[in-house]
Number of protein chains: 2
Amino acid sequence: MTRISLQERKQKILQIVIHHFIRTGKPVGSETIIEKNKLGVSPATVRNILAALEKEGYLTHPHTSSGRVPTDKGYRFYVDSLMQLQQLTQEEEQRIEKEYESQRGALDSVMQETSKMLSMLSHYTGFVLTPSPAADRLKRLELVKLDRDRVLAVLVTDAGFIRHKIINVDQDVNSTELLSINRMLNKNVYGISVNDISAEIFKRLQQEKNKQVKYINIMEKLIQQAFALDEEGELYLEGTSNILSQPDFADYEKVRNIFKVIDEKKMLCELLEEKVSHEGIKVIIGEETPCKELQECSIVTSTYRAGDKTLGALGIIGPKRMEYSKMIALVNYFSKLINKTISRTTKELAREPRKK
Amino acid sequence: MTRISLQERKQKILQIVIHHFIRTGKPVGSETIIEKNKLGVSPATVRNILAALEKEGYLTHPHTSSGRVPTDKGYRFYVDSLMQLQQLTQEEEQRIEKEYESQRGALDSVMQETSKMLSMLSHYTGFVLTPSPAADRLKRLELVKLDRDRVLAVLVTDAGFIRHKIINVDQDVNSTELLSINRMLNKNVYGISVNDISAEIFKRLQQEKNKQVKYINIMEKLIQQAFALDEEGELYLEGTSNILSQPDFADYEKVRNIFKVIDEKKMLCELLEEKVSHEGIKVIIGEETPCKELQECSIVTSTYRAGDKTLGALGIIGPKRMEYSKMIALVNYFSKLINKTISRTTKELAREPRKK
DNA sequence: AATTAGCACTCTATTCATTAGAGTGCTAAT
DNA sequence: ATTAGCACTCTAATGAATAGAGTGCTAATT
């Protein structure tokens, strides 16, 4: 992507076209441009410039006799260089903050609430992708006996996520035994990442040979299953119906495809996880997505830190023709907010370290 | 709804019309009826009968010169009296059963899987509504300390549902205290419905005056919050995008409304909970729904027993023009399957009663 | 050399008329 | 009670005509 800096006037006109198109959704003609903006030039000049911009790939024609429409490349340039960043209004910030205060609970419900608010404030589809707990640090592990050969494991991670899982141990364990296993595990579990835990625990157990070897067998089963988290983290998705309200998505076929992708959360998860490799706001425009069905959409997403290093993602999905500056501001704000919330949670959790 | 029994031939024709319309989606004319079925009568006669059926409210006309289309009343009569019940094919049953076997886990994930399969096999939208745990019996309650003033409560109900909740106790409780509270609660908790538990526990505690009174204060906080389950139970919803594939929903406006309702799960929850008062298959056709936006849809739903008495619901949402017999068979089958699964779970859980 | 006026040209979208076809509803005959 | 016959109604599809928006090019202008 060679970035030959366009001359100033060209840029100005490109910016006018895109801005106008974003607002109205109608192709923009040379006359319209003159009308709304006092550039001291004639329509013909503007036409020449538009033709040039088209040759360079920033604009297109739906058909010969209609105005110009931005291409993906055009949007990209707009987002990277032309657009002026916006801030949320105080009103909006207050509204968000207020909603957030009342939401004192488990992290998972905060995430759900966040995706809902993203959707409401953007009028598009909002999402939050929870990081796989596998990469997070373990804070606590609780084992509860359910019946003869099944145990419920409850994991609390450093960042404040809670997951539970039912485990089959094909061997009878009585409650007292379980309790002491539990205690032993908790002593060794704090602060280790869920990924490494299996290996780590066995290492420690071998050093602690004085303990009864009796449990080792059971424990192996338990640990293996408890930490085999195949899940890729949760995806909270809200406001999918907003897609139907977008005039840009009048084409039934396209909408159906978009919904198919969104319906199968899995696909979306993968797409997002791939893109969420490094921090900061990211804008994915149209064909930049690896997912064919979403080529008519843009995604504005940002990451947040959960615990010490794990990254989750959040953002919105809407039509390519969206108010990028506004959306970026919105996503950015929530990203910061969640970071704050999580670091608070983490701190609280850390207040009482692993004495027991 | 006076049910003047229609003469046999009338019924026959009504049945032909509805059946044909369900299959093709096109209004049915008198000629078509004659062609496909050898009734020894002329088109004119059929027309007379159609006109009669229309006057009685079972059919309508989209416009003067088109064939007949069933009204809601027509569908209702069809479902109640004309339709012959169907069975799933062996193939289908096996496919379901197989999927089910591999799914050995927490009940919640079974529910999610079920709604997915309902959607896949029906090609409509599938749902499972989990009963509010409040009405279920408690099997076990686990308290885990998170930080100075917050405790994680994990509830396991009789039927096998698992819920967790974060509780604020504005008082420091050390882990040992918590453990003994936990033990005390568990001794008293088994088999009581979550609804009654608050009252019940206090009654018992008063009898047990010998216990330290010290904890009572904390315990009150804990219990109050732990069992204040405002949730109405989970709604698992899958295959919403299938709605878009229905030719019946070509009207953008209508689809948008349907999606709005479905998006806001809450509304759907209430609707379903209301309708799910007594057991058995229920078919809600078009305007019979209390929800305006769903007037173009039909819902086939059935209940399942969770634990001893609590009812959950499951089913499918599709266009009014659906193969009712097939859908009823499908929903019915899943309903039975879940009943079986739950009663198995319950039994397993009961195998080790409340010794500790 | 850049700008602009002027004009032919292209394509869309809307309107209107026409037509074929499907299906009804009524009347009168069987 | 049934049916043949026929006028009537409405839809859906097709095509022609037209207005309008906007371009692209050429030649004149600055």
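Since we're looking at a predicted model, the values are computed, not measured. So that the names make sense, note that chain A is the first sequence line, chain B the second, and so on, each numbered from 1.
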>> Measuring to OP1 and OP2 of dA21(D), would you say a side-chain N or O of S66(A) lies under 4.0 angstrom away?
In response: no
> Of the candidate nucleotides dG22(D), dT3(D), dG24(D), which contains the atom at the shortest distance from the side chain of A51(A)?
Replying inline: dG24(D)
>> Does atom NE2 (H19(B)) have a neighbourhood of more than 12 heavy atoms from anything else shown, all under 6.0 Å?
In response: no
> How many Å lie between CG on L53(B) and C1' on dT24(C), as a whole number?
Replying inline: 15 Å
>> If I take atom NE2 in residue H61(A) and atom P in nucleotide dC9(C), what distance separates them, rounded to the nearest angstrom?
In response: 18 Å
> According to a strict under-4.0 Å criterion, is S65(B) in side-chain N/O contact with OP1 or OP2 of dC10(D)?
Replying inline: no
> Looking only at side-chain N and O atoms, does T64(A) come under 4.0 Å of OP1 or OP2 in dT10(C)?
Replying inline: no
> H63(B) has an atom NE2; how far is it from atom C1' of dG25(C), in whole Å?
Replying inline: 14 Å
>> So if I take every side-chain heavy atom of R47(B) and compare against dA5(C), dT2(D), dT24(C), which nucleotide ends up nearest?
In response: dT24(C)
> Does a nitrogen or oxygen in the side chain of S30(B) sit under 4.0 Å from OP1 or OP2 of dT24(C)?
Replying inline: yes
>> Does the structure show a Watson-Crick or G-U wobble partner for dT30(D), both distances under 3.5 Å? Name it, or say none.
In response: dA1(C)
>> Looking at dG21(C), which nucleotide sits across from it as a Watson-Crick or G-U wobble partner, both distances under 3.5 angstrom, or is there none?
In response: dC10(D)
> Any idea which of dA5(C), dT12(C), dT3(D) is nearest the T45(B) side chain?
Replying inline: dT3(D)
> Rounded to whole angstrom units, what separation is found between the CG atom of N48(A) and the P atom of dA1(C)?
Replying inline: 16 Å
>> Rounded to whole Å, please give me the gap between CG in L39(B) and C1' in dT2(D).
In response: 14 Å
> Does R68(B) have a side-chain nitrogen or oxygen under 4.0 Å from the phosphate oxygens OP1 or OP2 of dG25(C)?
Replying inline: yes
> Please give, in whole Å, the distance from dA5(C) P to I34(A) CD1?
Replying inline: 10 Å
>> Walk me through whether S302(B) and I281(B) qualify under side-chain contact (heavy atoms from CB on, under 4.5 Å).
In response: CA-CA 4 Å; S302(B) 181; I281(B) 290 258; 4.0 Å; yes
>> Rounded to whole Å, how long is the line connecting atom CD1 of I49(A) with atom C1' of dT4(C)?
In response: 12 Å
> What pair of heavy atoms forms the shortest contact from S66(A) to P27(A), and how long is it?
Replying inline: OG-CB, 4.3 Å
>> Taking only side-chain N and O atoms of R9(A), does any of them lie within less than 4.0 angstrom of OP1 or OP2 on dT3(C)?
In response: yes
> Applying a 3.5 Å limit to both distances, which nucleotide forms a Watson-Crick or G-U wobble pair with dT30(C)?
Replying inline: dA1(D)
>> One thing to verify: whether K73(A) and E288(A) come together as a salt bridge, which I'm taking to mean a side-chain N less than 4.0 angstrom from a carboxylate O.
In response: no
> For the pair made of CG in L50(B) and P in dG23(C), what is the distance, rounded to whole Å?
Replying inline: 11 Å
>> Between the side chains of R68(B) and E54(B), is the shortest nitrogen-to-carboxylate-oxygen separation below 4.0 Å, so that they form an ion pair?
In response: yes
